[in-house]
Amino acid sequence: MTSTGIRIAVAHRSVYGHTGRQAEAVAAGARAVPGTIVDLLPVDEPGEELMAALDRADAVVFGAPTYMGAASAAFKRFAEASSKPWADGMRWKDKVAAGFTNSQNVNGNKENTLLELFVLAAQHGMHWVSLGEYPGWNTTGGSETDLNRLGSFTGAMAQSYGDLGPDQAPTAADLATAQTLGRRVAVVAHDYVAGRRARAELEAATVGDVPGVPTSA
């Protein structure tokens, strides 16, 4: 936990840059919340430096492209490497967590990837934050420009056409959805850390008194 403000790590894997743009959008949304520091952390080299950076974070947003209906192999290599902080007393326990994914297809079984990210966070004892937005583009009056147009609840989804580079994809709607997730994670992390600090102060004030009863003024 940081001594001042909140630190959020966006731990992601991107091959061609599309998921990287989504990660940048998540980071932008989190930075829009005052007092938030964001680290964009590619997980391509899951060594001690990366794990130490994640140790310092109050919240971690995991991101991976969806390949063949699941998280990419390189992200899974990072997930397996995270067994070291897990084995060391579950070092990431009680951090806030969330996730996002991108694929070429509108569906592409992206939900499976988000569930993989959720299970990874759960194994570390982290607290998962959902997207928290109504699905868009699901009525005759809807549009592909709607926020959460792909209708995800678990995390942020994005779609990138196979013939477009990262300068043109994901879509503006999907990037806005990623920003929304980043902001939500930051707000939840601020509230959560403030609550833990308040509880610690209360416990410190009641030392020597009846448990659970604060000292009188």
Side-chain angles (χ1 to χ4, degrees), residues 8-30 38 40-44 46 54 57 59-82 86 92 95-138 144 146-161 166 169-171 173-189:
I8 295 177
V10 183
H12 67 286
R13 164 65 175 170
S14 186
V15 182
Y16 300 106
H18 302 89
T19 309
R21 283 202 66 197
Q22 193 183 15
E24 291 169 359
V26 170
V38 182
L40 270 171
L41 301 174
V43 300
D44 305 60
L54 294 173
V60 181
V61 187
F62 298 109
T66 295
Y67 283 168
M68 301 304 292
S72 65
F75 185 88
K76 289 179 179 178
R77 185 164 57 248
F78 154 73
E80 292 181 4
S82 75
W86 175 84
W92 300 348
K95 293 182 186 294
V96 172
F100 61 93
T101 188
N102 169 78
S103 73
Q104 178 177 333
N105 296 307
V106 173
N107 185 312
N109 296 113
K110 285 190 280 285
E111 184 71 16
N112 191 50
T113 298
L114 290 177
L115 291 176
E116 283 188 76
L117 303 183
F118 165 75
V119 170
L120 172 63
Q123 291 210 345
H124 281 284
M126 304 168 84
H127 301 295
W128 189 260
V129 176
S130 64
L131 180 59
E133 293 291 331
Y134 283 116
W137 204 16
N138 62 358
E144 62 181 348
D146 289 347
L147 190 71
N148 192 21
R149 70 182 182 104
L150 299 179
S152 174
F153 295 96
T154 314
M157 290 183 180
Q159 182 230 349
S160 299
Y161 290 115
T171 68
D174 293 345
L175 294 177
T177 301
Q179 288 182 6
T180 298
L181 177 66
R183 184 183 185 282
R184 178 169 163 84
V185 170
V187 170
V188 169

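Values below: all heavy atoms of this structure, side chains included; hydrogens, waters and symmetry mates excluded.
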Gap separating the CD atom of Q179 from the CD atom of E24, nearest 0.5 angstrom: 11.0 Å
Report the C-alpha separation of T177 and L131 in whole Å, then their side-chain angles, then the decisive distance to 0.1 Å, and conclude whether the side-chain contact (heavy atoms from CB on, under 4.5 Å) test is met. CA-CA 8 Å; T177 301; L131 180 59; 3.8 Å; yes
Distance in Å, M126 CE paired with F118 CZ, rounded so as to fall on 0.5 Å steps: 12.0 Å
Output all residues satisfying side chain to side chain contact (heavy atoms under 4.5 Å, CB included) with A158, sequence neighbours left out; order by chain, then residue number. Q22, N102, P170, D174
Student check: side-chain heavy atoms of L120 and W92 closer than 4.5 Å: no
Applying the side-chain hydrogen bond (donor to acceptor under 3.5 Å, both in side chains) test to Q159, which of E144, H18, R149 qualifies? R149
Can you tell me how far CD1 of I8 sits from NZ of K95, rounded to the nearest 0.5 angstrom? 11.5 Å
Between L54 and A11 the two heavy atoms that sit nearest each other are CD2-CB, 4.1 Å
Let me confirm one number: the CG-CG distance from L147 to L175, rounded to the nearest 0.5 Å. 11.5 Å
If only atom types and distance count, is the side chain of T19 paired as donor or acceptor with the main-chain N or O of V15 below 3.5 Å? no
For residues 117-134, which residue pairs pass the side chain to side chain donor-acceptor pair (under 3.5 Å) check, not counting sequence neighbours? S82-H124, D94-H127, H127-Y192, S130-R184
F100 side chain reached by V61 side chain, heavy atoms, under 4.5 Å: yes
Not counting sequence neighbours, list each pair that qualifies as a salt bridge (charged side-chain N to carboxylate O under 4.0 Å, His left out) and has a residue in residues 11-20. R13-D44
Please name the pair of heavy atoms, one in A98 and one in L181, separated by the smallest distance, quoted to 0.1 Å. CB-CD1, 4.1 Å
Not counting sequence neighbours, which residues clear ring-ring contact (aromatic ring centres under 6.0 Å, His included) with F62? List them please. none
Shortest non-hydrogen contact from V38 to A27? CG1-CB, 3.6 Å
To check you understand the geometry: which heavy-atom pair defines the closest contact between A97 and A121, and what is its length? CB-CB, 3.8 Å
State which residues pass side chain to side chain contact (heavy atoms under 4.5 Å, CB included) with E111; sequence neighbours excluded, sorted by chain then number. L114, L115, S152, T154, M157
Over all atoms of both residues, closest heavy-atom pair of P135 and G151: CB-CA, 3.6 Å
Identify the two heavy atoms, one from G69 and one from N112, that lie closest to each other, and give their separation to 0.1 Å. O-ND2, 2.7 Å
Using only atom types and a distance under 3.5 Å, with no angle test, would you say the side chain of N107 pairs donor to acceptor with the backbone of N109? yes
Going by atom types only, do T66 and T113 share a side-chain donor-acceptor pair under 3.5 Å? yes
List the residues meeting side chain to side chain contact (heavy atoms under 4.5 Å, CB included) with A81, not counting sequence neighbours, and say none if there are none. P46, M51
Say whether S103 and K110, considering side chains only, have a donor N or O and an acceptor N or O under 3.5 Å apart. yes
